[in-house]
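What follows is a single structure, written as C-alpha cells, with notes after it.
Here the structure is a predicted model, which means the values were calculated and not measured.
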Amino acid sequence: MTVSLQTLLDRSNRNMDKGTHPVVRDKALELIKRAYKEGIYVQISEGYRSYARQQALYDQGRTTPGNIVTNAKPGQSIHNYGTAVDFFIVSDDGQDAIWKVDKKWRRAAAIGKSLGFEWGGDWKSFKDYPHLQMPNVSSSKPSKPSYGNSKVIIKEIQIYANKYYNAGLRVDGYDGPKTRKALLKAYQTELNKQFDRGLVKDGVWGPKTENASIIVYPGAKGRLTWIIQALLYCKGYDPKGLDSIFGSGCEAAVREFQEAESLVVDGRVGPVTFKHLFK
C-alpha cells in the first residue's frame, strides 16, 4: 500500500523539532505535498539541530567511528539556527529510506529551490545532497540562539558532559549543583589529561585544584574553552556559542563576568576567575 501524504507530513513534523523556523517548516511541508503529487515521496529527517548533536556529527570520522559527514562545528551550521532541513526519499510503502541521488531526488530538490531553498547539491565542494537551507529568513532569527541561563543550553551542556565525561547527569535543563560538579570534574579531567596534574576528579574546588589551574587566553581552542563557555552559560552570560573557541564573544562574556564579580577585568580565565565560575 502506498504511504499516505499525512504519514510523511507527521513524520517530518516530528523530525524537524520545535526549534525549526516556522517559515522553513511550512516550506518543507509544502515541498512534501508538491512532490507527493508527482509520485515522489519525500520525508524530512532533520530540521533544527542542537549544538550537542552538531558536535557529535562533527566528531564522526574524526574522533568517533564513521565517515566525515560535516565540516561544521557547533554554531557553524545553519541547522543550529533552525533555518535548514535535510530530506530523503522513501519507498512507495514508506518503509525504506532511499538515498540514491537520482531523477526523483533531483526533482525534489528542484521543487525545494522553487520554494526558496538553497540546495546543498549545488555546492561546489562537499556536496550535501539531503540539505536544503532558507537564506531569506535570516532576519527573522537571532544571530545566535537566545540562551542566557535557559533550559535549552543547559540540556546541551548536560548531554555533552554525559557523553565526554560520563557525568551521569539527568538531562533536565536545570543548572543545579550536580551540573556544576560535573563541570568541575570535567575541568579536573582536562587538567590531568593535558597537564598531568594528578588531581582526584572529585568535583570539589580545593587548594590542589586551584594550584593546578592554568590561564586560558583568548584565541584558545579545545575542551577547556568549552568548559569555560558552559560555565558562563550556567552563570547567565552569553559567550556566543559552545564551539570550544575562545573568540570575541567568549572574551566579552568573560570580561562582563569579571566586572560583575569585582575581579581584574582582563578577558583571561585564570585560577581566580575559574574559582568564581565554579562557585
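Legend: residues meeting side-chain hydrogen bond (donor to acceptor under 3.5 Å, both in side chains) with S248, ordered by chain and number and at least two apart, are absent. Remark: A84 engages I78, H79, H131, Q133 in a side-chain contact (heavy atoms from CB on, under 4.5 Å) (not counting sequence neighbours). In this structure, the side-chain contact (heavy atoms from CB on, under 4.5 Å) partners of V204, at least two apart in sequence or on a different chain, are D202. Annotation: side-chain hydrogen bond (donor to acceptor under 3.5 Å, both in side chains) contacts of Q95 (sequence neighbours excluded): none. The salt bridge (Lys or Arg N to Asp or Glu O under 4.0 Å) test applied to K163 returns no partner, not counting sequence neighbours. Partners of F278 by ring pair (Phe, Tyr, Trp, His ring centres under 6.0 Å), not counting sequence neighbours, listed by chain and number: Y187, W205. E210 is linked by a salt bridge (Lys or Arg N to Asp or Glu O under 4.0 Å) to nothing, counting only residues two or more places apart in sequence or in another chain. For the salt bridge (Lys or Arg N to Asp or Glu O under 4.0 Å) test, residues two or more places apart in sequence or in another chain that qualify with R255 are E251.
Under the salt bridge (charged side-chain N to carboxylate O under 4.0 Å, His left out) criterion, the residue pairs touching residues 24-40 are E30-R34, E38-R107, with sequence neighbours excluded. Residue pairs meeting the salt bridge (charged side-chain N to carboxylate O under 4.0 Å, His left out) criterion with at least one member in residues 66-88, sequence neighbours excluded: R49-D86.
Side-chain N/O atoms of D243 and Q76 include no donor and acceptor closer than 3.5 Å. Checking N192 against Q188 by side-chain atom types alone, no donor-acceptor pair falls below 3.5 Å. At a cut-off of 3.5 Å, with distance as the only test, no side-chain donor of N80 or Y51 sits close to an acceptor on the other residue.
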With a cut-off of 3.5 Å and sequence neighbours excluded, list every side-chain donor-acceptor pair involving residues 267-277.
from : atom 1 : to   : atom 2 : distance (Å)
R268 : NE     : D266 : OD2    : 3.3
R268 : NH2    : D266 : OD2    : 3.2
T273 : OG1    : Q258 : NE2    : 3.1
H276 : ND1    : E261 : OE1    : 3.1

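Counting Ile, Leu, Val, Met, Phe, Trp and Tyr side chains that sit under 4.5 Å apart, directly or through other members, I159 shares a hydrophobic cluster with V171.
The existence of a salt bridge linking E156 and R53 is excluded, since no basic side-chain nitrogen approaches an acidic carboxylate oxygen closer than 4.0 Å.
When ring centroids are compared, F87 and W105 come within the 6.0 Å threshold.
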